[in-house]
There are 2 protein chains.
Amino acid sequence: MATLGELERAVMDLLWEHDEAITANALRDLLSQRPAGSGRDGTDTKELAVTTVLTVLSRLEKKGLVERERNIRPHRYRAVTSRADHTAELMLEVLGSAPDREAVLARFIGTVSDGEAATLRKLLGRD
Amino acid sequence: MATLGELERAVMDLLWEHDEAITANALRDLLSQRPAGSGRDGTDTKELAVTTVLTVLSRLEKKGLVERERNIRPHRYRAVTSRADHTAELMLEVLGSAPDREAVLARFIGTVSDGEAATLRKLLGRD
DNA sequence: GTTGTATTTCTACAAGCCGTAGAACATCTG
DNA sequence: CAGATGTTCTACGGCTTGTAGAAATACAAC
């Protein structure tokens, strides 16, 4: 229940960037304005069908990542949680109930940048 | 390139528990001795075919998670990295190149247990 | 070296997920 | 009510995973 497809992720990214709930049409437009593939040049506008976007949104809704306003006519969609929350949740899910959580955390910490390590220290408080 | 299936994960778990490289047959036996489904009772021994285990091992090898000794006849398989390393890597992958890494870390830290927070402080050094 | 047996690789298929979208249905606006 | 606009149903192709039989390969003993 964790991994998203490429398009699903693209949609979530857009929703996360938008505070206000937006329509499927608006999303389709935004999607067409971004480099879909990993290609270098940015002229790569795919122009998806609106139904495609709607399908993806429905699936994301079923997954609990998106909710929509059904009262107004062109439904408006928004992300349920912030990206930071979502990502943190995913990380916890990965860390999971491993019997060696501390070992994992050790490896993890060892890879974080210095600046971030400092941030972490601050967040943890010096006890 | 990150998520494993249920059987794949079961195999990896066994390999991670074993320091020594083991054969597909041994793995099949070990697999049959564990509660496959989430069912309550433990009498749930599925008894897989060896070819099934071999297929899974090949796929895991292709994914770079497993390597095998080909010189001896019943090939022996072992995990390439420790579970802790693997998990930490996954966590980093999830954290990824988010533009809000620090925010994510903040949420993450907020959810870790007190004991683990202490461990983290220790790991980070009190600078 | 020929035969038999253990092992590995090939090939295959069903189920599920994701990208993609047309067809059909529903809902406003006049 | 008719037309336009928006939403849901249905569908399909591709890819991954669980599952395993068939075919090829390697080794042991004669």
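All chains are named by letter (A, B, ...) in the order of the sequence lines, taking the proteins before the strands, and each is independently numbered beginning at 1.
- Residue Arg28(A) contributes atom CZ, which lies 17 Å from atom C1' of dG19(C) at whole-angstrom precision.
- Looking at heavy-atom distances under 4.0 Å, Arg9(B) makes no contact with the nucleic acid at all.
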Leu120(B)/Ile109(B) under side chain to side chain contact (heavy atoms under 4.5 Å, CB included): CA gap, chis, key distance, verdict: CA-CA 9 Å; Leu120(B) 286 177; Ile109(B) 291 300; 3.7 Å; yes
Close N or O pairs between protein and nucleotides 25-30 of chain C (under 3.5 Å):
residue, atom, partner, partner atom, Å
dT27(C), O4', Arg73(A), NH2, 3.0

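- Applying the salt bridge (Lys or Arg N to Asp or Glu O under 4.0 Å) rule to pairs touching residues 104-115 of chain A yields Arg107(A)-Asp85(B), sequence neighbours excluded.
- Within residues 14-26 of chain B, the residues that have a heavy atom under 4.0 Å from DNA chain C are, in order of number, Asn25(B).
- Look at His75(B) and you'll find a side-chain N or O under 4.0 angstrom from OP1 or OP2 of dT8(C).
- Considering only heavy atoms from C-beta on, Leu15(A) comes within 4.5 Å of Leu57(A) through its side chain.
- Atom CG of Leu7(A) is separated from atom P of dG13(D) by 20 Å (rounded to the nearest Å).
- A close approach under 4.0 Å does not occur between any side-chain nitrogen or oxygen of Arg68(A) and OP1 or OP2 of dG6(D).
- A close approach under 4.0 Å does not occur between any side-chain nitrogen or oxygen of Lys62(B) and OP1 or OP2 of dT17(D).
- Counting only heavy atoms from C-beta outward, the side chains of Tyr77(A) and Leu60(A) never approach each other to under 4.5 Å.
- Of the residues Leu92(A), Thr111(A), Val104(A), Leu90(A), the one that meets the side chain to side chain contact (heavy atoms under 4.5 Å, CB included) test with Met91(B) is Val104(A).
- Using a cut-off of 4.0 Å between Lys/Arg side-chain N and Asp/Glu carboxylate O, Arg59(B) and Glu8(B) are scored as not salt-bridged.
- Protein atom NZ of Lys63(B) is 7 Å distant from nucleotide atom C1' of dT16(D), rounded to whole Å.
- Considering only heavy atoms from C-beta on, Asp13(A) comes within 4.5 Å of Arg83(A) through its side chain.
- Annotation: of the two residues near DNA chain D, Arg70(A) and Leu4(B), the 5′-most nearest-nucleotide partner is Arg70(A).
- Residues satisfying the side chain to side chain contact (heavy atoms under 4.5 Å, CB included) criterion with Val80(B), sequence neighbours excluded, are Glu67(B).
- Listed here is the closest heavy atom pair of Val53(A) and Leu31(A): CG2-CD1, 4.1 Å.
- As rounded to whole Å, 14 Å separates atom C1' of dG14(D) from atom CD of Glu6(A).
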Test log, rule side chain to side chain contact (heavy atoms under 4.5 Å, CB included), inputs Thr52(A) and Leu7(A): CA-CA 10 Å; Thr52(A) 299; Leu7(A) 180 55; 4.0 Å; yes
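- What separates OH of Tyr77(B) from P of dT7(C) is a distance of 11 Å, to the nearest Å.
- Listed by residue number, Ala49(A), Thr51(A), Thr52(A), Thr55(A), Arg59(A) are the residues of residues 49-60 of chain A with a heavy-atom contact under 4.0 Å to DNA chain C.
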Check residues 19-30 of chain B and write down every donor-acceptor pair under 3.5 Å in which the side-chain atom is one partner and the other belongs to a residue at least two apart or another chain.
residue, atom, partner, partner atom, Å
Thr23(B), OG1, Ala26(B), N, 3.1

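- Here dG6(D) presents its P atom at 16 Å from CD of Glu69(A), a figure rounded to the nearest Å.
- Taking 4.5 Å as the limit, every side-chain heavy atom of Leu4(B) sits out of range of all side-chain heavy atoms of Val11(B).
- Of the candidates dT19(D), dT8(C), dT8(D), dT19(D) carries the atom nearest the Leu48(B) side chain, counting heavy atoms from C-beta on.
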